Novice: 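One structure, as structure tokens, below. Some questions next.
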Amino acid sequence: MWMVGEERDFRTGESIGLTIGSAVLWGVAHIATGRQRTGFALMTLYLVVVAFIITLATAFRGELLSLAVRPSWLMGLTIAIASIAVIWSVVILWSFWLVRPATAGRSAAAATAGLLCLLIIAPSAWATRLAYVSHDVVSSVFSATSTTPVVAMDPWNGAPRVNILLVGADAAANRVGVRTDSMTVASVDTATGATTLFSLPRNLEQVQLPKGPARERFPYGFTGEGPQTPACSTRSTSTPRTTPRWCRGYGPAIAAPPCSRRP
């Protein structure tokens with residue numbers, strides 16, 4: 001015969017303990033109230049889900065990384081996280097209802113159940129949003145509307161390695177132009193996907209500049225001494241005469257060294 005909370009007359013501490021136990025392992029409260037079949041079914045489902053997640057995170061970590069850039073899988077992950085959070089919260093509330101204490105102490109047990117649901121929903125909502133935003137980014141950046149044909153068997157056209165320059169820019173309303181405050185090269189092995197990241201210093205010294213006025217003015221690059229201390233970007237905007245093509249809107253006809261836009 002099934003027994004409800006009032007029939008067992010659970011005390012407040014017992015109710016809270018069983019509700020927490022059911023949040024940690026589904027089905028505990030059901031078994032405590034005589035619902036063995038439902039309780040063991042919930043336990044089995046819980047253990048299967050946990051084992052599945054652990055297996056994916058350990059044995060198939062590499063495959064998961066490749067799936068992380070597929071919009072369909074990201075959308076599936078979003079739905080899966082939201083579904084698990086909802087089911088988990090329902091189990092917690094269901095468990096509380098089965099082992100709810102008498103009128104005295106019911107508020108404390110209900111508050112515990114609500115807090116447990118919040119602890120499940122909050123991180124799940126964050127993970128769901130992250131998965132959805134990742135899906136949106138991948139879908140917009142790698143759009144299928146590209147006019148360049150891509151061969152499925154060799155999208156890199158035989159290139160063994162692809163190098164991508166990641167540039168972090170810095171600008172302000174009271175300054176002219178944009179400065180590259182950070183430069184990082186991502187070198188990707190197209191066969192294995194192994195990626196090497198290395199950063200380029202912002203102020204490189206003694207690096208030969210391209211042919212033109214800049215190299216004539218600084219034949220050995222910036223040496224880091226005296227007037228040659230500023231970075232290339234700073235020098236190109238403060239003295240546009242030496243780098244007319246680097247500073248848009250300024251030309252070699254400008255006589256004054258400081259950058260001052262003229263109509």
Side-chain angles (χ1 to χ4, degrees), residues 1-140:
M1 180 178 179
W2 289 355
M3 296 171 289
V4 298
E6 277 81 7
E7 293 175 350
R8 283 289 305 273
D9 193 20
F10 289 100
R11 294 188 293 271
T12 302
E14 292 176 333
S15 176
I16 293 176
L18 289 171
T19 303
I20 295 176
S22 297
V24 177
L25 178 61
W26 299 351
V28 171
H30 291 73
I31 295 176
T33 55
R35 294 169 168 81
Q36 281 82 4
R37 182 177 298 180
T38 304
F40 284 119
L42 288 173
M43 282 186 179
T44 302
L45 176 61
Y46 176 83
L47 293 176
V48 168
V49 172
V50 171
F52 179 73
I53 294 175
I54 293 177
T55 302
L56 285 180
T58 54
F60 300 97
R61 181 177 300 177
E63 288 77 1
L64 286 178
L65 293 177
S66 63
L67 295 177
V69 293
R70 298 187 181 181
S72 59
W73 283 93
L74 287 172
M75 180 57 67
L77 178 62
T78 301
I79 297 173
I81 294 174
S83 301
I84 291 175
V86 171
I87 295 173
W88 207 324
S89 299
V90 169
V91 170
I92 293 174
L93 296 176
W94 188 7
S95 301
F96 159 73
W97 185 257
L98 293 177
V99 297
R100 64 191 186 280
T103 304
R106 182 172 295 183
S107 298
T112 301
L115 178 60
L116 291 172
C117 290
L118 181 62
L119 292 176
I120 296 298
I121 293 175
S124 299
W126 177 83
T128 301
R129 181 183 179 279
L130 180 62
Y132 181 78
V133 170
S134 301
H135 166 271
D136 187 57
V137 170
V138 172
S139 300
S140 59

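Since we're looking at a predicted model, the values are computed, not measured. The chain is numbered in sequence order, starting from 1.
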Novice: Would you tabulate the side-chain donor-acceptor contacts of residues 119-131 under 3.5 Å, counting partners in other chains and residues two or more places apart, or write 'none'?
Specialist:
residue	atom	partner	partner atom	Å
Ser124	OG	Ile120	O	2.7
Thr128	OG1	Ser124	O	2.7

Novice: Suppose we screen for ring-ring contact (aromatic ring centres under 6.0 Å, His included). Which residues come up paired with Trp88, at least two apart in sequence or across chains?
Specialist: Trp26, Tyr46
Novice: Distance check, rounded to the nearest 0.5 Å: Leu18 atom CG versus Thr33 atom OG1?
Specialist: 8.5 Å
Novice: In Å, rounded to the nearest 0.5 Å, how long is the span from CD1 of Ile92 to CG of Leu115?
Specialist: 9.5 Å
Novice: Which residues satisfy the side chain to side chain contact (heavy atoms under 4.5 Å, CB included) test with Ile53, sequence neighbours excluded?
Specialist: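 Ile53 satisfies side chain to side chain contact (heavy atoms under 4.5 Å, CB included) with Val49 only.
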Novice: Roughly how far apart are Ile16 CD1 and Phe96 CZ, rounded to 0.5 Å?
Specialist: 9.5 Å
Novice: Salt bridge (Lys or Arg N to Asp or Glu O under 4.0 Å) with Arg37: which residues, sequence neighbours excluded?
Specialist: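 Applying salt bridge (Lys or Arg N to Asp or Glu O under 4.0 Å) to Arg37 gives none.
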Novice: Could you tell me which non-hydrogen atom of Gln36 sits nearest to which non-hydrogen atom of Ile31, and how far apart they are?
Specialist: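 Taking Gln36 first and Ile31 second, the nearest heavy atoms are NE2-O, 4.0 Å.
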Novice: List the residues meeting side chain to side chain contact (heavy atoms under 4.5 Å, CB included) with Thr58, not counting sequence neighbours, and say none if there are none.
Specialist: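 Residues passing side chain to side chain contact (heavy atoms under 4.5 Å, CB included) with Thr58: Ile54.
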Novice: Who pairs with Ser95 by side chain to side chain donor-acceptor pair (under 3.5 Å), at least two apart in sequence or on another chain?
Specialist: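 Ser95 satisfies side chain to side chain donor-acceptor pair (under 3.5 Å) with Ser22 once adjacent residues are dropped.
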Novice: Between Phe10 and Leu98, what is the shortest heavy-atom contact and its length?
Specialist: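 That closest heavy-atom pairing would be CE1-O, 4.2 Å.
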Novice: Step by step, work out the side-chain contact (heavy atoms from CB on, under 4.5 Å) result for Leu25 and Leu47.
Specialist: CA-CA 8 Å; Leu25 178 61; Leu47 293 176; 4.3 Å; yes
Novice: Specify the closest pair of heavy atoms between Ser15 and Val99, including all atoms of both residues, with the distance to one decimal.
Specialist: OG-O, 2.8 Å
